[in-house]
Amino acid sequence: MAHQRRPGPRLSSSSYAQDTVPSNPAPAAASAPPAAGLDPESWSALLAPRLAQFAGVARHEHVTRAAQDMNVPQSTLSRAMVRLEQDLGVALFARKGRTVSLTPAGRAFLTSVEGALAEVERAAESVRADADPASGKVAFGFLHTMGSETVPELIRAFRADHPRVRFQLVQNYGEAMLERLRAGELDLCLTSPVPEAPDLVARRLDEQRLRLVVPDDHRLAGRRRIRLAEAADETFVTLEPGYGLRRITDDLCTEAGFRPRVAFEGEEAETLRGLVAAGLGVALLPPPAVARPGVVELTVTAPRAVREVGVAWLDGHPDTPPVAAFKRFLLSRRGHLLPD
């Protein structure tokens with residue numbers, strides 16, 4: 001239920017903020033608009049600085065002992081509790097000298113406050129754990145075609161020196177990973193083509209030759225090499241629009257002088273390879289981790305059929321130690337990222 005607000009500011013000029021200001025405050029920074037979703041007049045913005053102090057007084061039931069425990073002046077703590085009650089419009093304590101006891105309203109408030117403080121504690125411990133140099137977390141995205149061999153080998157090699165680093169892995173197509181990178185859900189992603197965008201930093205790591213995959217009973221199956229223009233009349237099976245490999249396929253066919261006739265659009269390279277084996281069409285694909293029966297893979301001599309693979313991250317975002325270590329590791333694999 002929303003809180004009913006009283007008109008006008010809740011805090012007087014002798015607010016709690018004044019009680020805690022440094023004796024030699026730094027020059028005030030230029031005011032900035034409030035962050036989206038954080039209303040400076042909300043209950044959370046008003047009460048958050050005092051919640052831990054309220055819980056401390058409630059736990060000790062004595063203002064002086066609570067002040068000593070929290071290393072704040074007793075007078076500051078007393079004023080903060082009075083103003084907390086004034087802002088809420090509810091008596092939280094019954095007072096007898098410096099000894100206090102909770103009113104029914106104070107006890108109900110304490111239950112929720114303790115839950116909120118415990119959640120803040122958990123959140124702080126979680127982000128600190130994720131940033132730990134030895135056992136922190138790396139959120140890493142990669143292409144479907146990198147999942148069977150390349151990424152497992154990268155993680156195995158990295159964890160030889162960083163055995164306790166944890167990985168949160170996301171397997172997706174390139175554009176979806178870049179969206180998650182921008183949303184802060186990924187630290188790094190391995191993608192192709194290597195993106196060019198003002199908000200991203202991308203580094204080319206390697207390139208991978210693409211082959212024209214045909215059924216083993218196809219008219220071209222006896223060849224070892226082919227110019228892509230020779231497949232102009234073929235039906236293609238491809239990845240869906242939005243996938244980097246689909247864009248590369250379309251661009252290479254355009255460079256070869258034709259627009260491919262597409263019989264099927266899928267999400268997995270190995271699905272396409274299976275459909276080629278079934279005779280549904282031909283496909284431009286990277287080499288498989290394991291040779292598949294029923295297909296022949298031809299070297300494309302013209303145009304130069306390769307895809308560049310690179311690592312990308314959001315520009316201007318500081319890295320935690322485990323992310324920085326994994327980024328250095330990936331960059332050290334430049335030219336040796338992919339199996340031969």
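These values consider heavy atoms only, across backbone and side chains, with no hydrogens, waters or symmetry-generated copies.
The closest donor-acceptor contact from the side chain of Ser332 to the backbone of Phe329 lies under 3.5 Å. Proximity of a side-chain donor or acceptor of Asp187 to a complementary backbone N or O of Ala139 within less than 3.5 Å is detected. At distances below 3.5 Å, at least one donor-acceptor pair connects side-chain atoms of Arg166 with backbone N or O atoms of Ser135. The backbone N or O of His144 lies less than 3.5 Å from a partner atom in the side chain of Gln171, making a donor-acceptor pair. For Arg259 (side chain) and Cys253 (main-chain N/O), no donor-acceptor pair under 3.5 Å exists by modelled atom type. Between the Thr99 side chain and the His62 main chain, no donor and acceptor come within less than 3.5 Å of each other. Between the side chain of Gln208 and the main chain of Arg307, no donor-acceptor pair closer than 3.5 Å is present. Without hydrogens or angle criteria, Ser192 side chain to Glu308 main chain gives a donor-acceptor distance under 3.5 Å.
Residues Val100 and Met81 fail the side-chain proximity criterion, which asks for heavy atoms closer than 4.5 Å. At least one side-chain heavy atom of Arg203 sits less than 4.5 Å from a side-chain heavy atom of Trp313. The closest side-chain heavy-atom distance from Leu110 to Leu92 is not below 4.5 Å. Between Arg223 and Val296, the closest side-chain pair of non-hydrogen atoms is not below 4.5 Å. Contact check for Val300 versus Leu252: no side-chain heavy atoms found under the 4.5 Å cut-off. Counting only heavy atoms from C-beta outward, the side chains of Leu228 and Phe258 approach each other to under 4.5 Å. Looking at heavy atoms from C-beta onward, Pro195 lies in side-chain contact with Leu178 at the 4.5 angstrom threshold. Considering only heavy atoms from C-beta on, Leu181 stays 4.5 Å or farther from Met177 through its side chain.
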Open item on the list: Between Leu272 and Phe236, does the side chain to side chain contact (heavy atoms under 4.5 Å, CB included) criterion hold? Intermediate values first, please.
Closed with: CA-CA 9 Å; Leu272 300 185; Phe236 279 71; over 6 Å; no
Open item on the list: Could you walk me through whether Leu285 and Leu245 satisfy the side chain to side chain contact (heavy atoms under 4.5 Å, CB included) test, starting with their C-alpha distance in whole Å, then the side-chain angles of each, then the deciding distance to 0.1 Å, before giving a yes or no?
Closed with: CA-CA 8 Å; Leu285 296 173; Leu245 187 56; 4.1 Å; yes
Open item on the list: Checking Leu154 against Leu190 for the side chain to side chain contact (heavy atoms under 4.5 Å, CB included) test, could you report, in this order, the C-alpha distance in whole Å, the side-chain angles of both residues, the deciding distance, and whether it holds?
Closed with: CA-CA 11 Å; Leu154 286 173; Leu190 204 59; 4.1 Å; yes
Open item on the list: I'd like to know whether Thr271 forms a side chain to side chain donor-acceptor pair (under 3.5 Å) with Glu267, so could you lay out the CA-CA distance, the side-chain angles of the two residues, the decisive distance to 0.1 Å, and finally the verdict.
Closed with: CA-CA 8 Å; Thr271 298; Glu267 298 179 353; over 6 Å; no
TODO: Verify side chain to side chain donor-acceptor pair (under 3.5 Å) between His218 and Glu234, making sure each step is shown before the conclusion.
DONE: CA-CA 11 Å; His218 191 273; Glu234 299 293 332; 2.9 Å; yes
- [ ] Carefully, step by step, assess Thr301 and Arg227 under the rule side chain to side chain donor-acceptor pair (under 3.5 Å).
- [x] CA-CA 5 Å; Thr301 58; Arg227 291 178 296 107; 5.7 Å; no
TODO: Kindly indicate, with the supporting measurements, whether the criterion salt bridge (charged side-chain N to carboxylate O under 4.0 Å, His left out) is fulfilled by Arg209 and Glu297.
DONE: CA-CA 11 Å; Arg209 287 193 173 275; Glu297 310 215 359; over 6 Å; no
- [ ] Evaluate the side chain to side chain contact (heavy atoms under 4.5 Å, CB included) criterion for residues Leu239 and Tyr173: first the C-alpha distance (whole Å), next the side-chain angles of each, then the deciding distance (0.1 Å), finally the verdict.
- [x] CA-CA 10 Å; Leu239 295 179; Tyr173 66 95; over 6 Å; no
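Under the 4.5 Å side-chain heavy-atom criterion for Ile, Leu, Val, Met, Phe, Trp and Tyr, Met70 and Val82 are members of distinct hydrophobic clusters. Leu169 and Val165 fall within the same hydrophobic cluster, where Ile, Leu, Val, Met, Phe, Trp and Tyr residues are linked whenever their side-chain heavy atoms come under 4.5 Å apart, directly or through other members. Cluster annotation: Leu337 and Val138 are assigned to the same hydrophobic cluster (Ile/Leu/Val/Met/Phe/Trp/Tyr, side-chain heavy-atom contacts under 4.5 Å, transitive). By the rule that hydrophobic residues join a cluster once side-chain heavy atoms approach within less than 4.5 Å of another member, Ile248 and Met146 end up as members of separate clusters. Linking ILVMFWY side-chain heavy atoms closer than 4.5 Å, directly or via other members, places Val262 and Val276 in two distinct hydrophobic clusters.
In this structure, Glu175 does not pair ionically with Arg246, as no charged nitrogen and carboxylate oxygen lie closer than 4.0 Å. Classification of Arg59 and Glu114 as a salt-bridged pair fails, no side-chain N sitting under 4.0 Å from a carboxylate O. By the 4.0 Å N-to-carboxylate-O rule, Arg182 lies too far from Glu179 to be salt-bridged with it. Checked for salt-bridge contact, Asp132 and Arg164 miss the test: no charged N lies under 4.0 Å from a carboxylate O. Between Glu125 and Arg122, no side-chain nitrogen of the basic residue sits less than 4.0 Å from a carboxylate oxygen of the acidic one, so the salt-bridge criterion is not met.
Closest non-hydrogen pair, Val194 versus Ala202, comes out as CG1-CB, 3.6 Å. For Pro322 against Ala131, the heavy-atom pair with the smallest separation is CD-O, 3.6 Å. For the residue pair Ala94 and Thr103, the shortest heavy atom distance occurs at N-CG2, 3.9 Å. Contact record, Ala66 with Gly56: CB-O, 3.8 Å, taken as the closest heavy-atom pair. Closest approach of Ala67 and Leu77 over heavy atoms only: N-CD2, 3.5 Å. Scanning both residues, Ala229 and Ala256, for their nearest heavy atoms gives CB-O, 3.7 Å.
To the nearest 0.5 Å, atom NZ of residue Lys327 and atom CZ of residue Phe140 are 12.5 Å apart. Note that CG of Leu338 is 8.5 Å distant from CG of Leu205, once rounded to the nearest 0.5 Å. Distance check, rounded to the nearest 0.5 Å: CG of Leu284 to OG1 of Thr249 gives 5.0 Å. With values rounded to the nearest 0.5 angstrom, Thr150 atom OG1 is found 9.5 Å from Leu143 atom CG. The distance from the CD atom of Glu85 to the CZ atom of Arg50 is 11.0 Å, given to the nearest 0.5 Å. Rounding to the nearest 0.5 angstrom, the gap separating the CG atom in Leu210 from the CD atom in Glu207 is 10.0 Å.
Using cut-offs of 30° and 60° for the angle between ring planes, the Phe158 and Phe167 rings count as perpendicular.
The 12-atom threshold is not exceeded at CZ of Arg128, counting heavy atoms of other residues, nucleotides or ligands nearer than 6.0 Å.
Residues Phe93 and Phe109 keep their aromatic ring centres 6.0 Å or farther apart.
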